[in-house]
S.K.: 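I'd like to ask you about the structure that follows.
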Amino acid sequence: MNTQTSSRPGTVSLPRRALRRVGLSALASAMVAAGLLVGASPAQAAPSDLCAQVGHQAGWRGGALEIAVAVALAESGCNPSVSNSTGNVDAPGSTDRGLWQINNYFHPDVSDACAYDAQCNANAAHRISSGGRNWQPWSTYNRGLHLRHMDEARAAVARLGNPGTGPAPLVYPAESGRVVSARSADGRLEVFAAGAGGVWHAWQTSVNGGWSAWEPVSGPAGAELAIGKNADGRLEVFAINGEVLQHRYQRSASGGWSGWEAFGSGGRDVAVGSNADGRLEVFASGPVGVFHKYQTGAASWSGWEATGGGPAGGRLEMGKAADGRLEVFALNGEVFQHQYQTAVNGGWSAWESFGGGGHDLTVDHNADGRLEVFASGPVGVFHKYQTGAASWSGWEATGGPADAEVSSERTADGRVEVYAINDDVAMHAWQTGVNGRYGAWEEFGGGGSEITATTNADGRIEVFGTSHAGVYHKWQTGFSTWSDWAWVNDTSGPAVN
């Protein structure tokens, strides 16, 4: 990894992903001509019917099958012979192959023979997408390019006759902290940073592209922030300090923002996650433990409810299990606890011990859906990971900087990468294989006060780091290369001490 650091602003130009179209394979052409696709006649057969048929056979059902067909239409036009080697900045020289454009670098286990076979490609894509719950590996989904194909996909699935039902894609909680970032419905990243004078906001001016200047948007001073995505794609931001909790939200998906509105009284920290049915659920910590509040409709909320305890003044993060249940983790200087939904969209367990106290925490998920938790303390960073649906490893030392702020994100191939910053140094470490072990920590820059990681629509990670001078960012320019640290559009944003 390129670990050079710089305080000088700079930008790089990244090529957009291009897709080369070629003619239908002989097999697919013959199937279309003969009307052999399920529910199709020679007069009405279409490439989308092929994707619907092999997708159904692979195991997608209902809405998940419709999304799968739409993604394949966006990726390949449902042409099993398509290949693309242009614009793969995260793996230069690699090739995207077949209906769901499965990359030969990130998925070497999928041979060319399989990738260009319609059914084998569908089977592999079904596995990679966790049965339709995780579409993050596909940049067309992240950028919303599949949406224009949804009507055609629904029609193709309807022609199957009885497509059944299937899971909706999981929406994973974003990192909370003094800097938070998430993608709008159109794929552009938005970032918020909390300074002593209030909250600041910046956004990408194009998908995977450049940034606006920072602008102050008032809100609670010196706040902790959380950001979540509503069921209709609108982002919503929550800000808490010792006196007040407020929120603001996009008025339409990828659109303008409301003003700040009251959401509760003050506290220590806040986190938000999306239920499997799309309803947001917010947790806030304070001097007597942790409370939560949840959407009861598109624009209505419950009152605040006690969660039965939780660490006083704890730092909070949320994760989502492979089956869609939310899990909350809370850490203070003395104790680490967690609680989890006992059913999808349902009630919550009691708080359970998760370890000793520490400084900060971050939660992410492996490519196979297992949660992984990192916590920092006076002797470095430790991690703990699920070994099954309800079982966990013990805590394992990883090294890393002491008493650091920590964040994590997944690379384009599904490996978890973790970032840590203290007053002296920023460092990062990453899984050396999907669902695997971690390499040694490497330097990532100078010291600072906060760090958060997010992903662009094309899968490249972008990291924001803060200091008394303002907010910097650093982004992947390829699979294992990084830009230097730079201001956001030559503007410093707020000082975050």
S.K.: Looking only at side-chain N and O atoms, does Q386 offer a donor or acceptor that is under 3.5 Å from a partner on N366?
M.R.: no

S.K.: Do you know the tightest heavy-atom contact between A52 and L160?
M.R.: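 Heavy-atom minimum between the residues: O-CD1, 3.6 Å.
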
S.K.: Please check if the side chain of R248 supplies one atom and the backbone of V237 the other of a donor-acceptor pair under 3.5 Å.
M.R.: no

S.K.: List the atom of G357, the atom of L331, and the distance in Å for their closest heavy-atom pair.
M.R.: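 Closest approach of G357 to L331, heavy atoms only: C-CD1, 3.7 Å.
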
S.K.: Just by distance, no angles: are the side chains of E409 and Y419 close enough, under 3.5 Å, to form a donor-acceptor pair?
M.R.: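 Looking only at side-chain atoms, Y419 and E409 do not form any donor-acceptor pair under 3.5 Å.
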
S.K.: Is the W395 to F354 ring centre distance short of 6.0 Å?
M.R.: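 Distance test on ring centres: under 6.0 Å, yes.
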
S.K.: Is it the case that the side chains of T455 and R183 hold a donor-acceptor pair, with the cut-off being a distance below 3.5 Å and no angle test?
M.R.: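 Indeed, the side chains of R183 and T455 share at least one donor-acceptor pair under 3.5 Å.
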
S.K.: If we count only N and O atoms by modelled type, under 3.5 Å, do the side chains of E75 and T140 hold a donor and an acceptor together?
M.R.: yes

S.K.: Any side-chain heavy atom of R268 within less than 4.5 Å of one from E224?
M.R.: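 Yes, their side chains come closer than 4.5 Å.
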
S.K.: How are the rings of F444 and H428 set relative to one another: parallel (under 30°), tilted (30 to 60°) or perpendicular (over 60°)?
M.R.: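 Ring orientation of F444 relative to H428: tilted.
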
S.K.: Under the 3.5 angstrom rule, does the side chain of S254 hit a backbone N or O of D186 as a donor-acceptor pair?
M.R.: yes

S.K.: Measure from the side-chain N and O atoms of T411 to the backbone N and O of R415, and report whether any donor-acceptor pair falls under 3.5 Å.
M.R.: yes

S.K.: Ignoring hydrogens and geometry beyond distance, is a side-chain donor-acceptor pair present between E372 and H365 at under 3.5 Å?
M.R.: no

S.K.: Taking everything shown except E334 itself, do over 12 heavy atoms lie less than 6.0 Å from its CD?
M.R.: no

S.K.: Testing the basics here: between P401 and V425, what is the closest heavy-atom pair and its distance to 0.1 Å?
M.R.: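 Of all heavy-atom pairs spanning P401 and V425, the closest is CB-CG1, 4.0 Å.
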
S.K.: Passes side-chain contact (heavy atoms from CB on, under 4.5 Å), V110 versus R127? Steps please.
M.R.: CA-CA 11 Å; V110 180; R127 172 179 54 80; 3.8 Å; yes

S.K.: Just by distance, no angles: are the side chains of N123 and Q119 close enough, under 3.5 Å, to form a donor-acceptor pair?
M.R.: yes

S.K.: Shortest non-hydrogen contact from V335 to N332?
M.R.: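 For V335 and N332, the tightest heavy-atom pair comes out as N-OD1, 2.8 Å.
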
S.K.: Taking the side chain from N208 and the backbone from N456, do they hold a donor-acceptor pair closer than 3.5 Å?
M.R.: no

S.K.: Looking at W257 versus F192, is the centre-to-centre ring distance below 6.0 Å?
M.R.: yes

S.K.: Using distance alone, with no hydrogens and no angle criterion, decide if S139 and D458 have a side-chain donor and acceptor under 3.5 Å apart.
M.R.: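 Absent: no donor and acceptor within the cut-off.
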
S.K.: Would you check if there is a donor-acceptor pair between the side chains of N422 and D403 at a distance under 3.5 Å?
M.R.: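 There is no such pair between these side chains.
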
S.K.: Let me see the working for S176 and E317 under side-chain hydrogen bond (donor to acceptor under 3.5 Å, both in side chains), right down to the final yes or no.
M.R.: CA-CA 7 Å; S176 60; E317 292 291 350; 3.2 Å; yes

S.K.: For a ring pair (Phe, Tyr, Trp, His ring centres under 6.0 Å) with W135, tell me which candidate from W60, Y172, W100 qualifies.
M.R.: W60

S.K.: Looking at every non-hydrogen atom in both residues, tell me the closest pair between T432 and Y438 and how far apart they are.
M.R.: CG2-C, 4.3 Å

S.K.: Verify the neighbour count for atom CD of E396: are there more than 12 heavy atoms of other residues, nucleotides or ligands below 6.0 Å?
M.R.: yes

S.K.: Can you see whether S393 engages T387 through a side-chain donor-acceptor pair at a distance of less than 3.5 angstrom?
M.R.: no

S.K.: Is there a salt bridge (charged side-chain N to carboxylate O under 4.0 Å, His left out) between E66 and R61? Walk through the geometry before answering.
M.R.: CA-CA 8 Å; E66 293 171 352; R61 297 290 185 270; over 6 Å; no

S.K.: Between the main-chain N or O of G264 and the side-chain N or O of K293, is there a donor-acceptor pair closer than 3.5 Å?
M.R.: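 Looks like no, no N/O pair under 3.5 Å.
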
S.K.: Please answer whether the main-chain N or O of E462 pairs with a side-chain N or O of K474 as donor and acceptor at a distance below 3.5 Å.
M.R.: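 Looks like no, no N/O pair under 3.5 Å.
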
S.K.: Would you check if the side chain of S408 reaches a backbone N or O of V418 as a donor-acceptor pair within less than 3.5 Å?
M.R.: no

S.K.: Under 3.5 Å, is there a donor on one side chain and an acceptor on the other for T362 and E175?
M.R.: yes

S.K.: Considering only NZ, NE, NH1 and NH2 on the basic side and carboxylate oxygens on the acidic side, decide whether D269 and R178 come within less than 4.0 Å.
M.R.: no

S.K.: Determine yes or no for a side-chain-to-main-chain donor-acceptor pair under 3.5 angstrom, with R97 supplying the side chain and I102 the backbone.
M.R.: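 Pair found, side chain donor or acceptor close to backbone of I102.
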
S.K.: Compute whether any side-chain donor of one residue and acceptor of the other, for Q250 and S184, lie under 3.5 angstrom apart.
M.R.: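 There is such a pair between these side chains.
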
S.K.: Assess the residue pair T398 and W441 against the criterion (side-chain hydrogen bond (donor to acceptor under 3.5 Å, both in side chains)); give the C-alpha distance rounded to whole Å, side-chain angles, the decisive distance to 0.1 Å, and a yes or no.
M.R.: CA-CA 8 Å; T398 69; W441 288 88; 3.1 Å; yes

S.K.: Judged by modelled atom types alone, do W351 and T307 share a side-chain donor-acceptor pair under 3.5 Å?
M.R.: yes

S.K.: Looking at Y116, is its backbone amide N or carbonyl O close enough to the side chain of N121 to form a donor-acceptor pair, meaning the two atoms are under 3.5 Å apart?
M.R.: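 Here the side-chain-to-backbone pair does not exist.
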
S.K.: Got a sec: does the CZ of R148 have more than 12 other heavy atoms crowding it under 6.0 Å?
M.R.: no

S.K.: Below 30° counts as parallel, above 60° as perpendicular, anything between as tilted: where do the rings of H383 and F374 land?
M.R.: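 Parallel: the ring planes of H383 and F374 meet at under 30°.
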
S.K.: Over all heavy atoms of both residues, which pair between P378 and A402 is shortest? Give the atoms and the distance, please.
M.R.: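 That closest heavy-atom pairing would be O-CB, 3.3 Å.
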
